[in-house]
Amino acid sequence: MTALSPATVLAGSAHRHADTVAVVDGRVRVTYAELWLEARCYGAGLRAAGVRDGDAVALLAPNVVDFPRVYYGALAAGAVAVPVGVPVAPQAVHLARDARLLVCHTSQLTAGRRVSARVGVPLLTVGPTRGPSGVPRLEDLCDTPPGGTATFADPDIDPATEPDGTDVVLGCLPLGGRFGQAVALTGTFRAGATLVLLSRFTGPAALDLMLREEVTVFHGTSAMYAALLDAARGRAALPRLRRCVSRAPLPPSLRHRFTAAFDTVVQVAEGERDSPVPGEPAGRLRPARRMRSRRLGCHGERHRRGAGN
């Protein structure tokens, strides 16, 4: 008996909500089926780079679609994903020290080079590039050659009650933080909802994005709630939020004004391990039978990307 792999969060929704948009990142829209295929291909690239079961893969990236691709790619490859916060904090060096390698989004390449050099961990880049950087690209390693050794155990699908998958969640919390991982990478994906990414939070930018993408669920900090309330002044239209979750209790005045302005309720997350999104919390991992191992990669499948890649 083995514990249910964390990769089943995405694999399960790819099975149940294949054609639902999983991630919106600017003009890029990626369905659950596409995201799971891309994650498996990235996992093959990590295997080709030397990652093995139980290894740690450090990830330095902002809130962009490559974050979940690499995050779940590491899990699919049998590794442990270790996000490094953006901007890079002093503890980033500690987090990356024991990693097999560091995957750095090209927008963070300067910081990635610095961390890699300090801890002596190999560096890979991911994401768009404007020219040669001298650093190997994960995308170039994604196709494993025939007869290669990259394998993983096909994850068992979680048969939990299927949510409706109709919510649209604003992903403005840093995906590299524990709370952002819990509510976005785990909770939102498990529910089969759509995650709309925002890399740099401001009240006006968040409101504009919420209205454009018809966001129904918001997770944030007290400062984010205050910024949204300030940005809402004088606006004729506001997003129709079905549910809001705060990491910590809001000051009573702020909570009252926000709920009145947005005609919604604000719940407080009970803990960073909870999944305060539509559907039941993930709870403890279920035992799962060991599945027959098969080759990890994209052979025989078309590696489709969202528009704009």
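In this chain, numbering begins with 1 at the start of the sequence shown. Here the structure is a predicted model, which is why all the values come from computation and not from measurement.
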State which residue, out of [options], fulfils the side chain to side chain contact (heavy atoms under 4.5 Å, CB included) condition with [X].
{"X": "V196", "options": "V24, D25, T188, V169", "result": "V24"}
{"X": "L123", "options": "L60, L102, V115", "result": "L102"}
{"X": "C244", "options": "T264, V265, L250", "result": "T264"}

Who pairs with [X] by salt bridge (Lys or Arg N to Asp or Glu O under 4.0 Å), at least two apart in sequence or on another chain?
{"X": "D19", "value": "none"}
{"X": "R200", "value": "none"}
{"X": "R240", "value": "none"}
{"X": "D98", "value": "none"}

Heavy-atom side-chain contact between [X] and [Y] under 4.5 Å:
{"X": "L207", "Y": "P239", "answer": "yes"}
{"X": "Y71", "Y": "Q181", "answer": "yes"}
{"X": "F218", "Y": "C172", "answer": "yes"}
{"X": "V57", "Y": "V80", "answer": "no"}
{"X": "L138", "Y": "D140", "answer": "no"}
{"X": "P83", "Y": "L175", "answer": "no"}
{"X": "Y42", "Y": "V126", "answer": "yes"}
{"X": "H219", "Y": "L170", "answer": "no"}

Nearest atoms (heavy-atom pairs only) where [X] meets [Y]:
{"X": "P251", "Y": "S222", "answer": "CD-OG, 4.3 Å"}
{"X": "F179", "Y": "R247", "answer": "CE2-CB, 3.5 Å"}
{"X": "T20", "Y": "G192", "answer": "CG2-O, 3.7 Å"}
{"X": "P122", "Y": "S116", "answer": "C-OG, 4.1 Å"}
{"X": "A56", "Y": "V82", "answer": "CB-CG2, 3.9 Å"}
{"X": "A74", "Y": "A81", "answer": "CB-CB, 4.2 Å"}

**Study point:** Pairs where residues 206-218 contributes a residue and the test side-chain hydrogen bond (donor to acceptor under 3.5 Å, both in side chains) is met, not counting sequence neighbours
**Key:**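 Matches after skipping sequence neighbours: R29-E213, D167-T216, D208-R235.
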* Can you list every pair that meets side-chain hydrogen bond (donor to acceptor under 3.5 Å, both in side chains) and has a residue in residues 55-65, with sequence neighbours left out? ->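 Matches after skipping sequence neighbours: D55-R100.
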With clusters defined by side-chain heavy atoms of hydrophobic residues (ILVMFWY) lying less than 4.5 Å apart, directly or transitively, does [Y] cluster with [X]?
{"X": "L198", "Y": "M210", "value": "yes"}
{"X": "V64", "Y": "F201", "value": "no"}
{"X": "V30", "Y": "L197", "value": "yes"}

Roughly how far, to the nearest 0.5 Å, is the [atom2] atom of [Y] from the [atom1] atom of [X]?
{"X": "S246", "Y": "L254", "atom1": "OG", "atom2": "CG", "result": "8.5 Å"}
{"X": "T186", "Y": "R178", "atom1": "OG1", "atom2": "CZ", "result": "11.5 Å"}
{"X": "Q108", "Y": "L59", "atom1": "CD", "atom2": "CG", "result": "10.5 Å"}
{"X": "C41", "Y": "E139", "atom1": "SG", "atom2": "CD", "result": "11.5 Å"}
{"X": "R40", "Y": "R69", "atom1": "CZ", "atom2": "CZ", "result": "15.0 Å"}
{"X": "L228", "Y": "M224", "atom1": "CG", "atom2": "CE", "result": "8.5 Å"}

- [ ] For L185 and Y72, run side chain to side chain contact (heavy atoms under 4.5 Å, CB included): C-alpha distance rounded to whole Å, both residues' side-chain angles, the deciding distance at 0.1 Å, then the answer.
- [x] CA-CA 9 Å; L185 296 181; Y72 279 100; 4.3 Å; yes
**OP:** Verify, without hydrogens or angle tests, whether T31 (side chain) and E34 (backbone) share a donor-acceptor contact under 3.5 angstrom.
**Re:** yes
*S13 (side chain) donor-acceptor with F189 (main chain) under 3.5 angstrom*: yes
Exercise. Evaluate side chain to side chain contact (heavy atoms under 4.5 Å, CB included) for V215 paired with L241, printing each intermediate quantity in order.
Key: CA-CA 7 Å; V215 167; L241 298 175; 4.2 Å; yes
Short N-O contact, D53 and R47, less than 4.0 angstrom: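 Result for this pair is yes, salt bridge flagged.
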*Under the side chain to side chain contact (heavy atoms under 4.5 Å, CB included) criterion, do L75 and V9 qualify, and how do the steps go?*
CA-CA 10 Å; L75 298 181; V9 171; over 6 Å; no
Using the rule given for side chain to side chain contact (heavy atoms under 4.5 Å, CB included), can you reason through Y225 versus L229, listing the C-alpha separation, both sets of side-chain angles and the distance that settles it, and then say yes or no? CA-CA 6 Å; Y225 279 93; L229 191 59; over 6 Å; no
